Amino acid sequence: MVKICCIGAGYVGGPTMAVIALKCPEIEVAVVDISIPRINAWNSDQLPIYEPGLDDVVKQCRGKNLYFSTDVEKHVSEADIVFVSVNTPTKTQGLGAGKAADLTYWESAARMIADVSKSGKIVVEKSTVPVKTAEAIERILSHNNKGISFQILSNPEFLAEGTAIEDLFKPDRVLIGGRETPEGAKAVKALKDVYAHWVPEDRIICTNLWSAELSKLAANAFLAQRISSVNSISALCEATGADVTQVSHAVGKDTRIGPKFLNASVGFGGSCFQKDILNLVYICECNGLPEVAHYWKQVIEMNDYQKNRFVNRVVSSMFNTVANKKVAILGFAFKKDTGDTRETPAIDVCKGLLGDKANLSIYDPQVSEDQIRKDLSMKKFGWDHPGHLQLLSPSASDIKQLSVVWDAYEATKDAHAICILTEWDEFKKLDYQRIFDNMQKPAFVFDGRNIVDVEKLRKIGFIVYSIGKPLDAWLKDMPASKITIESRVPKFMCGQCTSAIQEY
Ligand code: NAI
């Protein structure tokens with residue numbers, strides 16, 4: 001029986017290994033993590049992450065050929081194939097701080113593999129890592145020279161949160177990079193055989209190590225670039241009377257471009273896009289390619305601009321002040337169908353509004369109050385450094401301007417404005433007449449995800465701002481000012497919330 005061990009039971013390690021276990025009943029899969037609460041949750045009825053379809057897959061395999069454990073060393077030493085799916089956050093200190101990937105977690109996993117192994121293994125980079133990481137990992141693995149041979153493969157993950165199970169069942173492609181040696185080819189084949197249980201062969205792409213590592217960074221950069229591109233056009237739409245939905249539909253009909261990832265919004269979030277692009281920028285700089293670095297940096301700058309623009313639109317529309325006004329925030333997760341809030345645009349928007357002294361009432365169907373307060377208290381990049389939670393002082397738990405409620409109607413009651421920051425389906429189906437009746441007047445809706453029926457809401461009486469759509473007559477007279485979120489934020493929060501770029 002082949003044994004697989006995955007180090008890191010997170011958003012990637014957990015679902016990926018559950019699907020491998022489901023599709024390969026003859027393979028024993030152990031998912032290990034240093035976090036005891038996380039492993040306990042994987043072994044309970046309340047899984048640590050929300051992902052449609054995940055419960056079902058885990059229930060089918062857990063205890064049969066899928067195990068979650070904190071006994072990292074035992075499972076690693078017994079495995080034939082070790083996936084490493086630990087977090088690879090942005091460095092917060094030292095050389096490359098704010099851009100380079102922090103490989104501390106990866107390095108400690110690699111050292112541990114080297115220390116506990118008694119037999120040869122295939123070590124698979126599942127985490128997103130800088131190109132050429134495999135070279136460093138090879139050196140770490142051989143430092144304990146016990147005559148054990150390790151083969152490193154790069155097998156980046158392309159799943160998207162919210163559709164992880166669907167993506168894993170039917171991936172567009174699986175990418176495996178390996179050394180171009182007979183041993184490397186053998187290792188590539190062994191991993192290919194695992195995926196071949198359910199992925200058609202023509203969707204399994206085999207490349208050299210560096211191409212696989214770089215493809216993941218490039219893919220995320222391209223995806224984020226599409227969002228920043230359409231968001232830049234949304235600003236021009238508002239200035240000219242064009243409608244970004246119509247423009248992106250027309251643009252996306254071109255088969256060379258395609259329709260996906262062309263929705264204008266308040267900005268992209270998630271744990272990967274910003275981190276991976278910053279990493280790409282850093283690698284370009286280190287390789288003497290400042291023009292290339294500058295080009296990709298723009299994708300993040302445009303994303304920051306879009307979040308700033310949104311906050312400014314809210315404040316300027318409401319007579320240039322939101323001080324002491326109740327603003328309902330609908331949605332905090334970085335996208336629908338996930339409870340993940342890492343780098344969610346809601347953090348920056350909320351900090352911007354809090355900085356202008358708004359009273360926020362936040363509702364998200366999947367995000368807890370604890371998480372929201374933690375996110376609004378955290379220092380930039382602190383979120384992905386477990387163990388050293390970098391909290392601001394005073395923390396958002398002390399902010400009286402903040403309440404977190406468990407119902408959209410409660411959040412919007414007596415509010416002056418609503419900001420929709422996540423595209424949860426339930427926000428499309430709300431009774432907006434009821435909401436309008438219970439709000440202060442004039443009642444504003446700022447739709448950061450373009451999900452509401454603008455005409456219908458205007459008929460009810462709302463003043464509606466929807467990104468990239470022709471402006472309400474009211475809003476036309478109140479052009480968004482050029483103030484940045486950062487300048488709105490009070491001193492105790494200052495410098496923590498906005499552009500990654502501004503800080504470097
Ligand atoms: P995560 O933070 O949810 O999970 C990482 C886990 O690794 C944590 O539970 C942590 O406790 C554990 N860990 C860290 N060091 C460890 C060690 N030495 N031994 C055992 N466990 C250790 O991260 P997530 O989101 O699963 O991401 C993992 C990697 O996959 C990152 O490199 C990320 O960029 C990449 N990725 C993430 C995607 C996503 O949608 N979240 C999609 C594709 C790739």
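Order of listing sets the numbers, starting from 1, for every ligand and every atom in it. The first residue in the sequence is number 1, and the count goes up from there. Please read these numbers as outputs of a predicted model, since none were measured by experiment.
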>> Can a donor-acceptor pair be found, under 3.5 Å and without considering hydrogens, that links the side chain of Asp375 to the backbone of Arg342?
In response: no
> Between the main-chain N or O of Ile7 and the side-chain N or O of Ser85, is there a donor-acceptor pair closer than 3.5 Å?
Replying inline: no
>> Heavy atom to atom 35 (C) of ligand 1, shortest distance: which of Val72, Thr128, Asp33, Val76 holds it?
In response: Thr128
>> Test your reading of the structure: does Thr88 have an N or O sitting under 3.5 Å from an N or O of ligand 1?
In response: yes
> Any salt bridge between Asp193 and Lys189, counting N to O under 4.0 Å?
Replying inline: yes
> Do we get Lys335 above Phe268's six-membered ring, with its NZ or CZ under 6.0 Å from the centre and within 45° of the axis?
Replying inline: no
> Just checking, is any N or O donor in the side chain of Glu301 or His294 under 3.5 Å from an acceptor N or O on the other one?
Replying inline: no
>> For Lys275, which part has a heavy atom under 4.0 Å from ligand 1: side chain, backbone, both, or neither?
In response: side chain
> What atoms of ligand 1 come within less than 4.0 Å of a heavy atom belonging to Ser271?
Replying inline: 41 (N)
> Any nitrogen or oxygen of Val12, main chain or side chain, under 3.5 Å from a nitrogen or oxygen of ligand 1?
Replying inline: yes
>> So Trp42 and Val58, do their side chains get closer than 4.5 Å, heavy atoms only?
In response: yes
> Which of the atoms in ligand 1, numbered in the order shown and given with their element, are less than 4.0 Å from a heavy-atom of Ile7?
Replying inline: 19 (N), 20 (C), 21 (N)
>> Under 4.0 Å from a heavy atom of Glu161: which atoms of ligand 1 are those, numbered in the order shown and with their elements?
In response: 39 (C), 40 (O), 41 (N)
> Purely on distance, is any nitrogen or oxygen of Tyr11 under 3.5 Å from one on ligand 1?
Replying inline: yes
> In terms of side-chain geometry, is the basic nitrogen of Arg373 or Glu369 positioned less than 4.0 Å from the acidic oxygen of its partner?
Replying inline: yes
> Should you measure from each heavy atom of Ser85, which atoms of ligand 1 turn up under 4.0 Å away?
Replying inline: 5 (C), 28 (C)
>> I'd like to know if Asp425 pairs up with Lys428 as an ion pair, taking the criterion as any Lys NZ or Arg NE/NH1/NH2 lying under 4.0 Å from an Asp or Glu carboxylate oxygen.
In response: yes
> With only distance considered, is Lys126 within less than 3.5 Å of ligand 1 through an N or O on each side?
Replying inline: no
> Polar-atom distance check: Arg342 versus ligand 1, any N or O pair below 3.5 Å?
Replying inline: yes
>> Minimum heavy-atom separation for Gly96 and Tyr282, please, with both atom names.
In response: CA-CE1, 3.4 Å
> Parallel, tilted or perpendicular: which describes the rings of Trp424 and Tyr50, with under 30° parallel and over 60° perpendicular?
Replying inline: tilted
> In terms of atom number and element, which parts of ligand 1 are under 4.0 angstrom from non-hydrogen atoms of Lys216?
Replying inline: 43 (C)
> What atoms of ligand 1 come within less than 4.0 Å of a heavy atom belonging to Cys272?
Replying inline: 34 (O), 36 (N), 37 (C), 38 (C), 39 (C)
> Short list, please: which atoms of ligand 1 are under 4.0 Å from a heavy atom of Leu159?
Replying inline: 42 (C)
>> Under a 3.5 Å distance rule, please check whether Asp102 uses its side chain to pair with a backbone N or O of Thr104 as donor and acceptor.
In response: yes
> Of the backbone atoms (N, CA, C, O) and the side-chain heavy atoms from C-beta on, which set of Ser127 has a member under 4.0 Å from an atom of ligand 1: side chain, backbone, both, or neither?
Replying inline: both
>> Does any part of the side chain of Phe222, heavy atoms only, come nearer than 4.5 Å to the side chain of Arg226, both counted from C-beta?
In response: no
> atom 7 (O) of ligand 1: which of Ser35, Gly8, Ala160, Gly10 has the nearest heavy atom?
Replying inline: Gly8
> Just going by heavy-atom distances, which of Asn220, Ile34, Leu217 is nearest to atom 17 (C) of ligand 1?
Replying inline: Ile34
> For ligand 1, which atoms, with element, lie under 4.0 Å from some heavy atom of Ser108?
Replying inline: 18 (N)
>> Taking distance alone, with N or O pairs closer than 3.5 Å, would you say Asp276 contacts ligand 1?
In response: no
